[in-house]
Amino acid sequence: MIRPILAARLQQVVDALRSEGLIPEAEYAPVEIIDTKSPEHGDFACNFAMIAAKSAQKSPRELAELIQNRLQNTPEIEAVEVAGPGFLNLKLRPSFVSGFVATVHQLGASGLARAQTSQPQKINVEFVSVNPNGPITVGSGRGAAFGDTLCRVLAAAGHTVHREYYINDGVNSEQMRLFAASVQSYVEELPFPEKGYRGDYVQEVAAQVREIENRPSNADLNWYQSMSQDLMIERQRHDLQMFEVRFDTWFSEQSLHDSGIVDQRLAELAKKGAADTDPHRVMVKFAKGGKIQEVTVQDQQAAAKTEAEEGPGEGDEETLWLRSTKFGDDMDRVLRRRDGRLTYISSDVAYHQDKFNRPENADHLITVLGPDHHGYIGRLHAVLAALKLEESTQETSGELDEHESKIYRSAAERDACRIALEQAQKALNVVIFQIVRFVKDGQPAPMRKRDGNIYSLRDLILEIGKSAAPESSESEQIRIGRDVARYFYLMRSHETHMDFDIDLATKQSDENPVFYVQYAHARIASVLSKADEVGLHADPSQSHLLTDNRELALIRKIVELPEEIARCAHDLGVHRLTTWAQDLARTYHHFYDGCRVIQTDQPELSAARLALCEATQMGLQGVFGLLGISAPERM
RNA sequence: GCCCCCGUAGCUCAGUGGAUAGAGCAGCGGCCUUCUAAGCCGUAGGUCGGAGGUUCGAUCCCUCUCGGGGGCGCCA
């Protein structure tokens with residue numbers, strides 16, 4: 001709120017200097033308002049004079065002084081200093097700052113936690129999408145927390161967001177067949193399949209399946225897959241709800257096959273030349289920096305023969321290849337296997353087209369994937385590019401070189417593929433979050449255990465809740481476990497590896513950062529109710545009485561929230577919200593320590609400070625809402 | 001071999017090309033007869049892995065290099 005006003009004010013001055021001919025007409029970077037490190041340097045600073053010195057044909061300090069003179073007597077700025085190599089240090093008028101208390105009161109918590117982007121988009125965000133053959137793990141928990149808060153932030157920034165969960169329920173899925181077979185073997189006491197699923201949750205699902213009335217006596221694997229995955233999905237949905245994560249659409253992979261749309265899309269790709277059944281596979285070796293180093297074309301007829309002789313993988317259908325190497329992938333991918341079954345990636349072809357229907361006419365897709373899927377980025381872009389491929393009408397940019405001639409049939413095709421790939425990379429943002437390591441008693445705690453059991457998100461929430469608040473009710477324990485888990489996941493940038501210290505998370509003490517921010521909220525609630533008891537009430541119209549540095553610093557911090565949200569929506573760095581929350585809490589504690597709120601002999605000042613307390617609460621509630629954690633009134 | 005991520009205080013990590021690099025925890029020393037001490041204040045702790053380059057200015061951008069984690073299936 002403050003920064004854009006200051007930037008506009010300075011920009012005005014620069015424009016005036018230019019139109020008056022005091023600085024030459026030239027390219028100037030827009031004015032930027034930066035933070036100061038130390039209070040001696042004022043409230044904000046501006047580096048424009050140093051950046052623009054060359055264009056202005058003046059020394060940085062000269063230019064700074066020119067701007068400084070024009071900033072006298074502005075309503076926002078009390079003092080301007082030229083410092084160091086050419087910084088403009090700005091000290092704000094207290095009245096300008098304190099006026100924002102009333103603004104915040106008008107906005108309320110939800111209005112404050114909002115930023116209006118200049119380019120609102122319709123965005124489909126797919127996240128979590130765990131296979132329905134197991135519970136949500138503590139590893140996927142990071143994707144859940146990140147994806148959910150990202151959706152909240154994008155919506156707060158003015159975008160239209162559709163939250164989507166993709167269910168890998170394809171009957172062609174090897175993993176799901178194995179899961180179904182494992183359940184079946186428990187139910188019918190058959191021999192257990194090799195490498196089957198052994199966790200306790202499999203037996204729980206089997207027990208539920210056994211209870212199903214009208215279980216056909218000749219139930220086949222399809223029936224078992226359908227039943228057990230439905231039960232698993234229900235369980236995932238329940239666990240995610242416990243984590244305050246909800247979806248607009250749970251999209252079934254199999255539904256794409258059932259409706260025939262997969263076959264239809266594959267036919268379209270074949271027609272465009274992005275897929276074919278020629279028995280060869282192109283492999284590309286890239287040198288450092290992405291340049292093609294070597295292209296090899298493998299004869300697949302020979303490969304098929306040797307495999308057929310060895311046993312598995314036989315079949316007499318023609319393999320259908322996605323020529324993903326035309327779109328920057330490092331090898332062509334199989335769409336239809338030799339035995340006629342379609343692969344997972346063939347569903348992706350239909351799915352990525354379909355996603356643009358949610359929200360209607362979506363213009364951007366975000367897919368949040370775990371660290372083990374990083375190899376997927378290239379092929380997903382290739383899938384989308386193949387869908388977008390159109391014949392190029394432009395002139396070709398030169399003949400095919402030695403490598404390209406093994407990939408493309410013509411220079412025109414190469415150019416068209418390039419254009420399609422560029423569009424695909426723009427439209428689809430695949431976001432990879434990095435690995436989480438869980439540390440307990442100083443030792444790494446594995447997500448998948450030797451006995452086949454899985455360290456689930458649900459276990460983590462309950463574990464934290466129970467040890468942090470052993471005396472509390474179960475729902476209270478879940479609330480605490482959820483708050484702590486979400487906060488811990490969100491504290492670190494999604495793109496960095498992190499340690500999740502369970503020992504720290506389970507401590508209900510000042511060692512735990514989530515309680516630090518929540519404590520500030522509870523403390524304010526207590527002050528407000530104490531004030532109420534003695535008949536003092538918040539009054540934003542008295543906020544001109546707020547002149548103490550600690551009061552002004554607190555106001556400045558509160559009104560940063562919209563800028564913070566805009567930045568997070570822009571670069572997806574939502575972890576910064578936890579840093580901001582901790583800054584706000586700390587700034588409040590400083591204020592609380594130095595400025596007594598309830599003073600019956602100074603009712604106007606008390607009313608102003610109570611208004612500031614409420615504004616702080618709105619800031620905290622706003623950011624808690626984005627982080628998906630609760631705002632306790634008492635602790 | 002190629003791709004992604006990381007290397008910043010004892011530990012876990014923030015850090016938008018700007019001035020004297022920060023927080024939490026751990027350490028040491030203070031502050032409750034007054035609004036919640038789950039708090040506050042003070043103190044100590046650093047060749048920002050290393051070397052070049054771009055820049056008026058680099059923890060941040062580029063190149064190289066060393067060290068750690070992960071990924072490269074007719075599995076998903």
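Letters A, B, ... are given to chains in the order of the sequence lines, protein chains preceding strands, and every chain is numbered from 1. It should be emphasised that the depicted structure is a prediction, and the values quoted were computed from it without experimental measurement.
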Q) Between A:Lys285 and B:G1, does any side-chain N or O lie under 4.0 Å from OP1 or OP2? A) no

Q | Min side-chain heavy-atom separation A:Leu584-A:Val623 under 4.5 Å | A | no

Q.
Just checking A:Tyr588 against A:Phe591, ring centres under 6.0 Å apart?
A. yes

Q.
Please determine whether any donor N or O and acceptor N or O are separated by less than 3.5 Å between the side chain of A:Asn89 and the base of B:A19.
A. yes

Q. With sugar-phosphate meaning primed atoms plus P, OP1 and OP2, does A:Ile51 contact a base, only sugar-phosphate, or nothing at under 4.0 Å between heavy atoms?
A. base

Q) CE of A:Met498 versus P of B:G69: gap in Å, rounded? A) 19 Å

Q.
Roughly how many Å apart are B:U16 and B:U63, using the C1' atom of each and rounding to a whole number?
A. 24 Å

Q.
Applying a 4.0 Å non-hydrogen cut-off, can you work out what A:Thr496 is touching in the nucleic acid: base, sugar-phosphate, or nothing?
A. sugar-phosphate

Q: Could you list the residues that satisfy ring-ring contact (aromatic ring centres under 6.0 Å, His included) with A:Tyr487, not counting sequence neighbours?
A: none

**Q.** Nucleotide nearest A:Tyr344 (side chain, heavy atoms from C-beta), chosen from B:C35, B:A76, B:U36
**A.** B:A76

Q: Determine the sole option in A:Ile345, A:Asp348, A:Val383, A:Thr343 for which the side chain to side chain contact (heavy atoms under 4.5 Å, CB included) test with A:Arg333 is passed.
A: A:Ile345

Q. Pick the nucleotide of RNA chain B nearest each of A:Asn172 and A:Tyr592; which residue has the one closer to the 5' end?
A. A:Tyr592

Q: Kindly point out which of B:C35, B:A14, B:U36 is positioned nearest to the side chain of A:Tyr519?
A: B:U36

Q: Just call it for A:Cys595: base, sugar-phosphate, or nothing, with non-hydrogen atoms closer than 4.0 Å on any strand.
A: base

Q: Check every strand shown and say whether A:Lys54 touches a base, only sugar-phosphate, or nothing at a heavy-atom separation below 4.0 Å.
A: sugar-phosphate

(Q) At 4.0 Å (heavy atoms only), tell me whether A:Phe286 reaches a base, stays on the sugar-phosphate, or touches nothing. (A) sugar-phosphate

Q) To the nearest angstrom, how far is A:Lys288 atom NZ from B:U65 atom C1'? A) 10 Å

Q) After noting the C-alpha distance and the side-chain angles of A:Phe500 and A:Tyr489, does the key distance pass the ring pair (Phe, Tyr, Trp, His ring centres under 6.0 Å) rule? A) CA-CA 8 Å; A:Phe500 193 121; A:Tyr489 282 123; 5.3 Å; yes

Q: Would you classify A:Asp348 as touching base, sugar-phosphate or nothing, given that sugar-phosphate means primed atoms plus P, OP1 and OP2, and contacts are heavy atoms under 4.0 Å?
A: nothing

Q. Think A:Arg337 has a side-chain N or O under 4.0 angstrom from the OP1 or OP2 of B:C75?
A. yes

Q) Can you find a donor-acceptor N/O pair under 3.5 angstrom joining the side chain of A:Asn47 to the base of B:G18? A) yes

(Q) Would you measure the distance from the C1' atom in B:A58 across to the matching atom in B:A21 and give it in whole Å? (A) 12 Å

Q: Check salt bridge (charged side-chain N to carboxylate O under 4.0 Å, His left out) between A:Glu495 and all other residues, then give those that pass, not counting sequence neighbours.
A: none

Q. Taking the six-membered ring for Trp, does A:Tyr516 stack with B:A38 (centroid gap under 5.5 Å, planes within less than 30°)?
A. no

Q) How is the base pairing of RNA chain B summarised as a dot-bracket string, given the Watson-Crick and G-U wobble criteria with both distances under 3.5 Å, [ ] for crossing and | for another strand? A) (((((((..((((....[...)))).(((((.......))))).....(((((..]....))))))))))))....

Q) How many Å lie between CE on A:Met232 and P on B:A76, as a whole number? A) 19 Å

Q) Distance from A:Gln236 atom CD to A:Asn133 atom CG, nearest 0.5 Å? A) 8.0 Å

Q) Of A:Glu40 and A:His589, whose nearest nucleotide on RNA chain B comes first from the 5' end? A) A:Glu40

Q.
Check for me: is A:His497 stacked on B:G70 by the 5.5 Å centroid and 30° plane-angle rule?
A. no

Q. Can you find a donor-acceptor pair, distance only, under 3.5 Å between A:Arg338 side chain and B:C74 base?
A. yes

Q) Out of B:A14, B:G70, B:A19, which has the shortest distance to the side chain of A:His374? A) B:G70

Q: Check the side chains of A:Arg448 and A:Thr137 for a donor-acceptor pair under 3.5 angstrom, ignoring hydrogens and angles.
A: no

Q: Looking at every strand, decide which applies to A:Ser493 at a 4.0 Å heavy-atom threshold: base, sugar-phosphate, or nothing.
A: sugar-phosphate

Q.
Over all strands shown, is A:Arg437 touching base, sugar-phosphate only, or nothing at heavy-atom distances under 4.0 angstrom?
A. nothing

Q: Compare the minimum distances between each of B:A19, B:G70, B:A76 and the side chain of A:Ala45, then state the nucleotide with the smallest one.
A: B:A19

Q: Could you check which of B:G71, B:U36, B:A14 has an atom nearest any side-chain atom of A:Asp372?
A: B:G71

Q. Under 4.0 angstrom, heavy atoms only, what part of the nucleic acid is A:Arg609 near: base, sugar-phosphate, or nothing?
A. nothing

